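These notes concern the structure reproduced below.
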Amino acid sequence: MSKYNRVLMVSAIFMLMATVVFAGGKKDGGDVPNSEAPSAGNRTINVAALNGPSGIPMAYLFENKPHVPGADFQFHVVAGADVLLPKLLKGEVDAGILPPNVAAKVYTKNNGAIVVTAVMGQGMLNLITKDESIASLEDLRGKTVNVTGQGATPEYMFRYLLKSNGIAIAADGVAPDANSVALDFSVPAAEIAAALLSGKIQYAVVPEPFSTVATTKDASVRRVINLQDEFVALNKAAGKDSENYPMTVLVVRKELAETAPDLVAGLLESVKEAVEWTVAHPSEAGALVQNHTLGLQAPIATKVIPNGAYVFIPAKEAQFQLEELYSIFLEFAPDAIGGELPSDNFYFD
């Protein structure tokens, strides 16, 4: 396997984590059962939703398909980004959700094969622990923190925040001294909550749904450090007008964006409506997530939604946020985004 494919696989595995934890999601990436036959003369546009938290806002569209003249939208469930990527590149899927760094790398390494149309989810990373003495990043000095998402946004955002706050990171495999923090990636994401509850590990940086699962099962587990708040505060202290950072983006194939921009625009209007409805109706949305086998049971999905940072920000409006995130990857792992910032053509207008 090439180095390029290994990096994509790391990020793809991160997107699969929620599927491993919860029953109810499809494992084969097949079509949803209610796909309808396309109307004569219309262009069929296949949209993929991922199992797990990133797919939650898409559940609404399985029952409320976009009505756009000239298009028939078919929605499908895929197990994760590793399944979605080849389908996008082969033209079997026209639109889907990816981590921002994966989208940038695919664009750079595949002659602009995809474009980003919107940010769908922002940062929702928290440090969770039972340790009541922890209230800030400073309190982590001398500690070992388990981190999900090695090679993706969780790892590099945490590294960035530690470094920016003057906190050293111990070398891989080396125990931290009194002034440093060690990062441990040895516990699989699906086992993080159980490991924390059992006392096997003490501190963990996790995305949704893992923080919700842990805090729901044991009231002594707390979200003690919100990485999004730390990021915003850090940038404001530096005089930057910063917002939360992106965690998921909706991409479409370049060919579709170039030949049918009106159909893409129609899809985006419906996706925006879906996100807004999901945020406003967590219980109903949770039921849809379970009904359409998107990887989470309804009670968990319902609890995840208020903490999931679901948004709809058109690509051009989100370009600054994305490039701010990409600058962090360029500092710590440039190959994870293809070694350079994507060009302006990456952002659908």
Side-chain angles (χ1 to χ4, degrees), residues 3 6-18 20-21 99-102 123-131 133-211 213-215 221-231 233-234 245-247 325-337:
K3 182 178 180 182
R6 287 198 301 272
V7 173
L8 288 184
M9 186 63 71
V10 167
S11 294
I13 290 171
F14 170 58
M15 297 299 290
L16 274 167
M17 292 189 297
V20 179
V21 178
N101 67 297
V102 175
M124 33 65 172
L125 299 171
N126 289 276
L127 186 135
I128 58 174
T129 183
K130 294 183 178 182
D131 187 346
S133 71
I134 304 298
S136 69
L137 291 170
E138 283 291 326
D139 298 328
L140 296 176
R141 292 182 187 271
K143 313 294 187 186
T144 296
V145 179
N146 286 79
V147 183
T148 61
Q150 185 177 18
T153 301
E155 176 188 355
Y156 297 118
M157 181 55 65
F158 191 46
R159 286 184 181 274
Y160 170 72
L161 292 173
L162 291 173
K163 180 181 178 181
S164 298
N165 281 275
I167 301 172
I169 300 172
D172 291 348
V174 177
D177 59 27
N179 292 310
S180 66
V181 173
L183 307 186
D184 187 340
F185 303 98
S186 64
V187 179
E191 300 173 16
I192 283 279
L196 190 71
L197 296 176
S198 69
K200 180 180 177 181
I201 64 175
Q202 305 301 316
Y203 315 96
V205 170
V206 294
E208 291 296 342
F210 302 108
S211 56
V213 172
T215 56
V221 177
R222 299 174 301 121
R223 296 179 176 94
V224 296
I225 301 175
N226 181 304
L227 270 63
Q228 295 67 238
D229 290 346
E230 296 290 334
F231 177 77
L234 185 67
Y245 53 90
M247 283 278 284
L325 176 66
Y326 292 149
S327 69
I328 293 174
F329 277 95
L330 285 175
E331 179 178 353
F332 291 101
D335 189 55
I337 65 166

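Just so we're clear, the structure is a prediction, and the values are computed from it rather than from any experiment.
- Of the possible polar contacts, none joining the Lys130 side chain to the Gln202 backbone as a donor-acceptor pair under 3.5 Å is found.
- Evaluation of the side-chain hydrogen bond (donor to acceptor under 3.5 Å, both in side chains) test over residues 174-190, restricted to residues two or more places apart or in two chains, returns Asp177-Ser180, Asp184-Ser186.
- Taking each heavy atom of Phe210 and Ala189 in turn, the nearest pair found is CE2-O, 3.5 Å.
- Residues forming a side-chain contact (heavy atoms from CB on, under 4.5 Å) with Leu196 (at least two apart in sequence, or on another chain): Ile128, Ile201, Val221.
- Rounding to the nearest 0.5 Å places CD1 of Ile192 at 5.0 Å from CG of Asn146.
- Tyr203 meets the ring-ring contact (aromatic ring centres under 6.0 Å, His included) test with no other residue; sequence neighbours excluded.
- When the side-chain hydrogen bond (donor to acceptor under 3.5 Å, both in side chains) test is applied to Lys163, the partners found at least two apart in sequence or on another chain are Glu331.
- For the atom pair CG (Asn126) and CG (Leu227), the distance works out to 7.0 Å, reported to the nearest 0.5 Å.
- Considering all non-hydrogen atoms of both residues, Met124 and Gln228 come closest at N-OE1, 3.3 Å.
- Qualifying side-chain hydrogen bond (donor to acceptor under 3.5 Å, both in side chains) partners for Arg222, counting only residues two or more places apart in sequence or in other chains: none.
- The CG atom of Leu197 sits 9.5 Å away from atom OG1 of Thr215, with the distance rounded to the nearest 0.5 Å.
- In this structure Glu155 satisfies the side-chain hydrogen bond (donor to acceptor under 3.5 Å, both in side chains) test together with Arg159, sequence neighbours excluded.
- One distance of note links OG1 of Thr148 with CD of Glu191; it measures 13.0 Å at 0.5 Å rounding.
- The ring-ring contact (aromatic ring centres under 6.0 Å, His included) search around Phe231 returns Tyr245, not counting sequence neighbours.
- The two residues Met247 and Gly123 have their closest heavy-atom pair at CG-CA, 3.3 Å.
- Residues Thr144 and Pro176 approach most closely at OG1-CD, 3.6 Å, considering heavy atoms.
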Next on the checklist: Please evaluate residues Val206 and Val213 with respect to the criterion side chain to side chain contact (heavy atoms under 4.5 Å, CB included), reporting the C-alpha separation (whole Å), side-chain torsions for both, the decisive distance (0.1 Å), and the verdict.
Outcome noted: CA-CA 11 Å; Val206 294; Val213 172; over 6 Å; no

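- Here the side chains of Val181 and Ile169 are not in contact, with every heavy-atom distance at 4.5 Å or above.
- Considering only heavy atoms from C-beta on, Phe158 stays 4.5 Å or farther from Leu125 through its side chain.
- The two atoms that bring Thr129 and Ile134 nearest to each other are CG2-CB, 4.3 Å, heavy atoms only.
- Here the CG atom belonging to Leu140 is positioned 5.5 Å from the CG atom belonging to Leu127, to the nearest 0.5 angstrom.
- Separating the CD atom in Glu230 from the CG atom in Leu137 is a distance of 4.5 Å, to the nearest 0.5 Å.
- In this view, Tyr160 satisfies the side-chain hydrogen bond (donor to acceptor under 3.5 Å, both in side chains) rule with no residue, not counting sequence neighbours.
- Here the closest heavy-atom approach between residue Ser164 and residue Leu234 is recorded as CB-CD2, 3.2 Å.
- The backbone N or O of Pro100 lies less than 3.5 Å from a partner atom in the side chain of Tyr326, making a donor-acceptor pair.
- With sequence neighbours left out, the side-chain contact (heavy atoms from CB on, under 4.5 Å) criterion links Ser136 to Glu138, Asp139.
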